[in-house]
Amino acid sequence: MSATVTSTEALAGILPCVVSGGRPSLDERRTARWLSALHGVTADPVWVVRDDEAGAYEDDGHEIAAYPRAWAETWAREHWTDVKPYEEGGFLGAFPGREWAARLAEQRGYWAVLQLDDNIVQFYVSTAYGVAARTMHELGGLGMYADIIAAVALSTNAAMCGANLASVNPGGARMVFARRGFPYSLFLERTGPRRMPWHGPSEDDIIQAIQYGASAAPVTAGLILPLRYQKDNTRYDGGLRRWYDDKRSVGLQRMHPEAARLVVRRARSNGRGDPRVFHAMSPDAIRTPLVVLDRVLFSAARDKTLDVARATAAAVHADLPRRVAEHANKHKAAPNGA
């Protein structure tokens, strides 16, 4: 399954950017281990980090593209959406980095930027069970994701298109390959004059998707449901998540009351289990539907995804005897067979 469905020229026109902050150690930046799968598929990946942090960042051989804090503060002040007023020298969020990543891709002549959070721990299709996830990586991993996402973006009206965050309920659309939706932390965004500016400091990915999907332009934000990923949000000593509190969704609801409502949840999501204020998105938050413009390329992306799903399912089936034997041995070894 080495052949790509997207042309090599189009894939070479994508700049992968991992937006990071507060995680200088590679051990904290869990996405780092997956970047080699992009080598020879897209342009080489780039870390996007603010210049006052970049000097402390551990080098993994990929470029660290530093953006000025002074510019970031100006951008944040002019594109601030939080209910709390912007404070000079305070928390900025990730959205200036996302804007800088898109600008970097534009300046270097790329047609798209592949935006990645720095704490992605797993990719999988159909199931996250270990052997299936390993099989998926053997079939191309993040490079395969980039290929399928690019194919969907090029064959539809998606200006922003990505994979499906595992902690988000897919809304019962089990048999749907791609639709309008929120890709959150792993997505491709088209560059150019019709690109939307980034706002924040929190829920920046949701705001961006709504900007595309609720505008008068014939574009939308797309989601590829079978391509799943998981994030490590259990570590609060680094990164930006430690700055987010239960008021983070209030600004989003104030901006888009027709799309988001506030609820209190006790269920776990992204590593948190305490009761908290949360946002619930309307199914119609992104109003413009995903429209297929190139049926051949879109079908090729869907068929490749199905092939990956079949391969991972076969791997799980083949591994069942080992799993059964392993559990049986553990049962025998337990006191009184308990």
Side-chain angles (χ1 to χ4, degrees), residues 6 11 14-21 23 29-39 41-48 62 94-95 97-99 101-102 105 110 112-126 128 133 136-137 139-154 156 158-170 177-191 198 203-209 212-213 220-233 239-241 269-271 286 290 301 304-305 308:
T6 306
L11 286 171
I14 300 171
L15 180 65
C17 289
V18 189
V19 179
S20 184
R23 290 189 172 110
R29 287 176 273 149
R30 308 294 296 278
T31 306
R33 66 181 297 191
W34 314 118
L35 297 182
S36 61
L38 293 169
H39 296 169
V41 179
T42 62
D44 287 343
V46 173
W47 294 98
V48 176
H62 296 110
F95 77 102
R98 293 198 186 278
E99 177 67 24
Y110 294 99
V113 56
L114 181 65
Q115 299 236 22
L116 301 159
D117 281 7
D118 64 0
N119 59 342
I120 299 174
V121 296
Q122 189 57 277
F123 306 90
Y124 64 92
V125 173
S126 74
M136 194 281 299
H137 288 295
L139 297 175
L142 186 53
M144 181 263 291
Y145 268 45
D147 177 29
I148 293 173
I149 293 170
V152 172
L154 289 169
T156 67
M160 177 185 186
C161 181
N164 189 9
L165 180 60
S167 65
V168 176
N169 187 339
F177 169 57
R179 59 163 170 80
R180 59 185 175 175
F182 298 99
Y184 293 107
S185 306
L186 196 175
F187 58 89
L188 182 148
E189 184 180 19
R190 286 178 175 270
T191 60
W198 281 85
E203 317 302 358
D204 54 7
D205 40 18
I206 295 177
I207 294 170
Q208 191 75 344
Y212 283 121
T220 196
L223 184 67
I224 304 169
L225 272 69
L227 299 187
R228 308 297 295 273
Y229 65 97
Q230 295 176 333
K231 294 174 61 179
D232 178 11
N233 289 318
L240 302 177
R241 184 162 289 273
S269 177
N270 288 336
I286 298 175
L290 187 72
K304 182 169 184 175
T305 306
V308 173

Inter-residue atom distance [X].[atom1] - [Y].[atom2], 0.5 Å rounding:
{"X": "I286", "Y": "R179", "atom1": "CD1", "atom2": "CZ", "value": "8.5 Å"}
{"X": "I149", "Y": "L223", "atom1": "CD1", "atom2": "CG", "value": "9.5 Å"}
{"X": "L188", "Y": "L116", "atom1": "CG", "atom2": "CG", "value": "10.0 Å"}
{"X": "Q230", "Y": "L165", "atom1": "CD", "atom2": "CG", "value": "9.0 Å"}

Any side-chain to backbone donor/acceptor pair from [X] onto [Y]? Under 3.5 Å, distance only.
{"X": "T42", "Y": "L11", "answer": "no"}
{"X": "Y145", "Y": "L186", "answer": "no"}
{"X": "T220", "Y": "L290", "answer": "no"}

So, do [X] and [Y] sit near enough that their side-chain heavy atoms are less than 4.5 Å apart?
{"X": "V18", "Y": "H62", "value": "no"}
{"X": "I14", "Y": "T6", "value": "no"}
{"X": "T191", "Y": "Y110", "value": "no"}
{"X": "D205", "Y": "F182", "value": "no"}
{"X": "Y124", "Y": "L227", "value": "no"}
{"X": "R33", "Y": "I120", "value": "no"}
{"X": "F177", "Y": "I148", "value": "yes"}
{"X": "W198", "Y": "Q115", "value": "yes"}

Quiz item: How are the rings of W34 and H137 set to each other: parallel, tilted or perpendicular (split at 30° and 60°)?
Solution: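 Taking H137 first and then W34, their aromatic rings lie parallel (interplane angle under 30°).
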Exercise. Have a look at D118 and tell me which of K231, R30, R23 forms a salt bridge (charged side-chain N to carboxylate O under 4.0 Å, His left out) with it.
Key: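 For D118, the salt bridge (charged side-chain N to carboxylate O under 4.0 Å, His left out) test succeeds with only one of K231, R30, R23, which is R23.
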Where [X] and [Y] come nearest, the two heavy atoms and their spacing:
{"X": "A158", "Y": "R190", "answer": "O-NE, 3.6 Å"}
{"X": "P183", "Y": "Y229", "answer": "O-OH, 2.7 Å"}
{"X": "A133", "Y": "F123", "answer": "CB-O, 4.1 Å"}
{"X": "P16", "Y": "D44", "answer": "CD-O, 4.0 Å"}
{"X": "V152", "Y": "A301", "answer": "CG2-CB, 4.2 Å"}
{"X": "A146", "Y": "L114", "answer": "CB-CD2, 4.2 Å"}

Quiz item: In terms of side-chain geometry, is the basic nitrogen of D232 or R29 positioned less than 4.0 Å from the acidic oxygen of its partner?
Solution: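 No, no charged N to carboxylate O under 4.0 Å.
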Practice problem: Could you tell me which residues satisfy salt bridge (Lys or Arg N to Asp or Glu O under 4.0 Å) with E189, sequence neighbours excluded, listed by chain and number? | Solution: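 So E189 forms no salt bridge (Lys or Arg N to Asp or Glu O under 4.0 Å) with any residue.
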